[in-house]
Structure formats: C-alpha cells, structure tokens
Chemist: 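The structure follows.
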Protein chains: 2
Amino acid sequence: MSVVIPEIYNVHTPLLVAVDCIIFGFNECELKLLLVKRQMEPARGEWSLMGGFLGEHESLDEAAARILNQLTGLTDVYLDQLYAHSDPDRDPGARVISVSYYALIKISQHNQELAKEHDAEWFKLSEIPKLIFDHNLMVDMALQLLRKQAKTKPVGFELLPEKFTLPQLQALYEAIYQKELDRRNFRKNVLSMGMLEKLDEKDKTGSRKGAWLYRFNISKYESFRNQGFFFNVSV
Amino acid sequence: MSVVIPEIYNVHTPLLVAVDCIIFGFNECELKLLLVKRQMEPARGEWSLMGGFLGEHESLDEAAARILNQLTGLTDVYLDQLYAHSDPDRDPGARVISVSYYALIKISQHNQELAKEHDAEWFKLSEIPKLIFDHNLMVDMALQLLRKQAKTKPVGFELLPEKFTLPQLQALYEAIYQKELDRRNFRKNVLSMGMLEKLDEKDKTGSRKGAWLYRFNISKYESFRNQGFFFNVSV
DNA sequence: GTCATTAAATGTACGATGTACACTTAATTT
DNA sequence: AAATTAAGTGTACATCGTACATTTAATGAC
C-alpha cells in the first residue's frame, strides 16, 4: 500500500493514528471497565481497550465516538480526550500513535449483543487483567482524570441510571475514591447544589425501607458543566 | 514520496503528525507568548506557534523538547502535553494532526540569537495577533490549563528567575488570573507552604526600600509536584 | 539634614466552610 | 409483636478564607 505525501511537507515517515477508549461503567456498587479481546495481530486474543484507526475524513473525537458506538451501540456518550501516546515502540507491529479517550456510560443502556460479538467483558477496577501495549497505563491515566473530574464536574450522573437514589450516588463516589464518606455530609453537600430533583417514588431493591429516587435537573447540570464548578464532596 | 504500511493494518490514509509549542514567559509584570513567523508554505510569513513534525524514532515529548530547543536553546524545560488537534481541514496543505505542548520558560534564559533566526517575538497576552490554522485555539486552551495548573502546581516558579521577590511572584499570579490579589493574604498563603527560602539579599530595582529575594526549596517543590497539592492562593 | 515619596512589610477579627458525630424512622421478616 | 436492616436527619466545633489600615526602610529633593 503506498501513499502520496505532498512535497511541501518534508517528512519521511507518516504515521498511523489510532484511538483507544477507556470505557467506565458503574453497577452493583462497583466501578467497572469494558474490555475486549483483541481480534487482530499482533497480540490477538489478549485483553485490550476498544480501539480503531482514525478515518480519512474524521476528527479524533468522531473516531472515538464511532469506535465506542461499534462496541456499545450508544451515541451521545460523555467522551473526553485523554492523551496522545507516542512511544516509538509502543506497538510492536508498526509505528502507531494512539490517542486515548475516556468514556462514561450507563451500563444498563449498552448493547450486550454487540459486546458479545467483540468478546467484550466488564471488569471490576480491582480485577483489570494485564492489557496489551500501554493500555494499562491508559487506564491508570483515565482513572486519575476521573478522580479529578469527579470533584469539578457532575460526571457521576453519566454513570448512573436516569433515576437513582442518594445511597447509590454516594456508593459511586465511594467507588471512585475508594473511600467511605459520611452519609449526612454527603447528602447535605449534593442537595445544597440544587441539581437533584426528588421524585415521588422509592427504590426498594436496596432495603426494606426503600430509598427515595432522584433525578437530575438538566438545566442546572448544563450551567454547572459549562461554568465549571466545585462538586462539593469532601474526599 | 511513498511509504509502505504493514498489511495487517487495514488503513488507507496514514497521517502526518506535528507538534506545536505554546511558549509562556513572564517579565515586566506581563505574561507573554513566544511566536514565530512561519517559514514554510502554506501561510508563509504569518504569525504562528513554533512547531515541527514528529521524527521517525521520537516520542511526542521528545519532539516537543527538540522543537523548543531549536527556538530557545533551552533544555529541561517544563513541558506538558495539551491536546491532539485533528480537524481534517485544520491545515489546508495536508492532513496533519497537531499535538500541542505547553511550555513555561524563564525569558531571561532563552537564546535571543536563535529567536532572531526564527523571526520570533514575545507578545503580551493581550496583544496576540491572528495566528495560522487553529493556533489561537491552542493558545486559549494553554491559557486555561495554565490557570488550572497554577492553582495546583507551583508552575509559577518555572516562569520566574532563580531569585525573585514576593511582589514579583504576586505580580505573576495577578497576570495569570488578570485579577488583583491582596498582598497580606498572598504572602501569608505562599509562605505557609514552606516552599520559599528567604535570602539575605534585596532586589532594589523595584523600589527604594527594596524587596527581599527568595528562592525555591527544591525538595519541597519536588514533593509538592509529585503528590499534587493545592496552591493556596485565592483567586 | 530634614522632609517627602515610594513600595514593602505586617496581624487581626469575622464569616463561611468543612467535618465529626448518634439517634430515629420505615418497612420487612421471623 | 419483636427484631432486623438500611434510610433519613441536625448540631457543635474547628479550620480556612477574606477583608482591611498602619508602619517601615530607603531614596531623592529641597
């Protein structure tokens, strides 16, 4: 395969550019990661992040959204560019630069058929296997970013279902920071932000008494997301 | 020019990858940016960030350091990867992805001869001209990152000379945030961190009375830099 | 040499925020 | 009806952030 590079660019080695997605989900009080069994050489059959090559007329953001959609069937997912990984030897098959993207999805909404086709599985954070290339590093960086963002953006809400209980929200934060939080302070803080709307339903799966369901006030959410804010949870 | 891509990679268009550096400096109580007049087509002669293509056996970090060194003569500069810019039409000459890097240098230390050779000039932030392609966007993103980092990392010290006065440090923060700060609170906060060592010299260029010179306690600096900390300046 | 000028240096009081902590309530199961 | 389980609630204290005015050191002008 040969490719013509315009002469004005004095370049000897054009590069391949890939995108890899670190896909976070949350259920059963655990933060989880969606991993696939790699279907191409090199390292076929090993655990890997979901990835793919950048298309000819695509931005990296578009590529990441496309690749995420291939695996989950979801659109409009929370995606953030994380880092461009460029060690010349990171991929033994060729010189490939990979830009990692960090995705937050609602586990219940993704397409399980598609996941099966890709040999994908959810892993608890504590049970992440050895991944190909520098993918474990990407996961570490993504987790760091998640911890940073969870303080200043309402990222939690990307991971929970539409309706959720305060104990669930607290469990999410406890999973992100691997730290127990005080119930009273947590509730005081999140409620004081005015982003939550209490519903007239209870979720009784978690206890006999049942916990009130809340949902998210979208307009408050948007204004917080744009202005930047401090998510008032002490960790 | 033709390039062979391993067949195992089902890719049609390899890409060019460039690096662009947003170079910050500080003097005369102003935050400044080092810009060059572009020496290649397209857009020859227009103002631009210093950039270059990624070499065959180089990581992006190495490329950024090399490119920064070409312009300034400096090594061991504070450099952070900022973002991979990938709009398919961002460079009208070819499909080029550019990874921006953000650099903090001490203005007094850079090589002015080299700068002259590249037609480089320092611009006050308020006087940044129209730049090529998406470079103004890169500058905006870099400034945002600087503002974020200045709260959580001692980045200020990359921009000041070895010995500096507290009024200088304060002026730097005022320039970064475009906001006047209270002298007493500022001093109390920065001194309470224990990162500064008071010297037995005064700098008398700024006033009759003269201001005490300080320098930076490297070991405290390193431990803060690694652990992450909160730079205790209210802005 | 005294006075005026300039910027540097210093401390405190008040309000806001963060943080620790224990009992009651609702519903189910035995 | 008694026991169990998780949900829900308020207060007191410490820490931190923030506003604010006067004194000090040195030089230059008269």
Side-chain angles (χ1 to χ4, degrees), chain A residues 27-30 150-152 156 160-161 163-175 177 179-215 224 228-235, chain B residues 27-30 147 150-152 160-161 163-175 177 179-215 224 228-235:
Chain A
N27 69 2
E28 296 159 353
C29 292
E30 294 264 9
K151 285 182 194 168
T152 52
L160 292 173
K163 302 175 182 179
F164 54 86
T165 66
L166 287 182
Q168 273 179 297
L169 183 59
Q170 181 174 344
L172 171 59
Y173 272 82
E174 291 180 336
Y177 292 107
K179 193 185 163 187
E180 289 195 5
L181 302 174
D182 181 272
R183 225 181 11 246
R184 285 161 291 192
N185 292 339
F186 183 85
R187 300 171 75 91
K188 198 190 339 175
N189 290 336
V190 299
L191 290 174
S192 75
M193 303 186 63
M195 277 195 307
L196 299 186
E197 285 174 11
K198 189 175 182 179
L199 303 176
D200 260 342
E201 302 170 66
K202 279 191 167 184
D203 170 20
K204 299 211 173 168
T205 60
S207 75
R208 288 167 187 165
K209 181 177 177 181
W212 291 106
L213 285 162
Y214 287 78
R215 83 171 159 220
F224 277 127
F229 77 111
F230 188 73
F231 191 67
N232 209 6
V233 176
S234 319
V235 282
Chain B
N27 70 1
E28 295 158 353
C29 294
E30 294 264 8
R147 288 187 175 140
K151 287 183 194 170
T152 51
L160 292 173
K163 302 174 183 181
F164 54 87
T165 66
L166 287 182
Q168 274 180 295
L169 183 59
Q170 181 174 345
L172 172 58
Y173 272 81
E174 292 180 336
Y177 293 106
K179 190 184 168 189
E180 288 195 7
L181 301 174
D182 181 272
R183 222 178 16 244
R184 285 161 291 189
N185 293 338
F186 183 85
R187 300 170 77 90
K188 197 191 337 175
N189 290 335
V190 299
L191 291 173
S192 74
M193 303 187 60
M195 278 195 308
L196 299 186
E197 285 173 13
K198 190 175 183 177
L199 304 175
D200 261 343
E201 303 171 65
K202 280 191 167 185
D203 170 19
K204 299 210 176 171
T205 59
S207 74
R208 288 166 187 163
K209 180 179 176 181
W212 291 105
L213 286 163
Y214 288 77
R215 82 170 160 221
F224 277 127
F229 76 112
F230 189 75
F231 191 67
N232 209 5
V233 175
S234 319
V235 284

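Quantities reported herein were computed from a predicted structural model and do not represent experimental measurements. Atom set for the values below is all heavy atoms of this structure, side chains included, hydrogens, waters and symmetry mates excluded. Below, chain A is the first sequence line, B the second, and so on; all start at residue 1.
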Chemist: In whole angstroms, how far is the P atom of D/dA7 from the NZ atom of A/K188?
Modeler: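 Value for this atom pair: 19 Å.
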
Chemist: Test of understanding: with side-chain hydrogen bond (donor to acceptor under 3.5 Å, both in side chains), list the residues that count as partners of B/R215, not counting sequence neighbours.
Modeler: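 By the side-chain hydrogen bond (donor to acceptor under 3.5 Å, both in side chains) rule, B/R215 matches B/E197.
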
Chemist: Tell me, please, which residues at least two apart from A/E201 pass salt bridge (charged side-chain N to carboxylate O under 4.0 Å, His left out).
Modeler: A/K163

Chemist: For the pair made of CG in A/N189 and C1' in C/dA16, what is the distance, rounded to whole Å?
Modeler: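 Taking CG of A/N189 and C1' of C/dA16, I get 13 Å after rounding.
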
Chemist: For the pair made of NZ in B/K198 and P in C/dA9, what is the distance, rounded to whole Å?
Modeler: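 It is 7 Å, rounded to the nearest whole Å.
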
Chemist: Tell me: CG of B/L213 to C1' of C/dA8, nearest whole Å?
Modeler: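 About 13 Å, once rounded to whole Å.
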
Chemist: Does A/E180 have any side-chain hydrogen bond (donor to acceptor under 3.5 Å, both in side chains) partners at least two apart in sequence or in another chain, and if so, which?
Modeler: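 A/E180 satisfies side-chain hydrogen bond (donor to acceptor under 3.5 Å, both in side chains) with no residue once adjacent residues are dropped.
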
Chemist: Is B/R184 side chain donor-acceptor paired with the C/dA8 base, going by distance under 3.5 Å alone?
Modeler: no

Chemist: With sequence neighbours left out, what residues match A/Y214 under ring pair (Phe, Tyr, Trp, His ring centres under 6.0 Å)?
Modeler: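 Here no residue qualifies.
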
Chemist: Which nucleotide sits closest to the side chain of A/D182: C/dC21, C/dA8, D/dG8?
Modeler: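 My answer, after comparing the listed nucleotides, is C/dC21.
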
Chemist: Applying side-chain contact (heavy atoms from CB on, under 4.5 Å), name anything that partners A/S207, two or more places apart in sequence or on another chain.
Modeler: A/K209

Chemist: If the sugar-phosphate is the primed atoms plus P, OP1 and OP2 and the base is the rest, what is the B/S/- string for nucleotides 22-30 of chain D, using protein heavy atoms under 4.0 Å?
Modeler: --BBBBS--

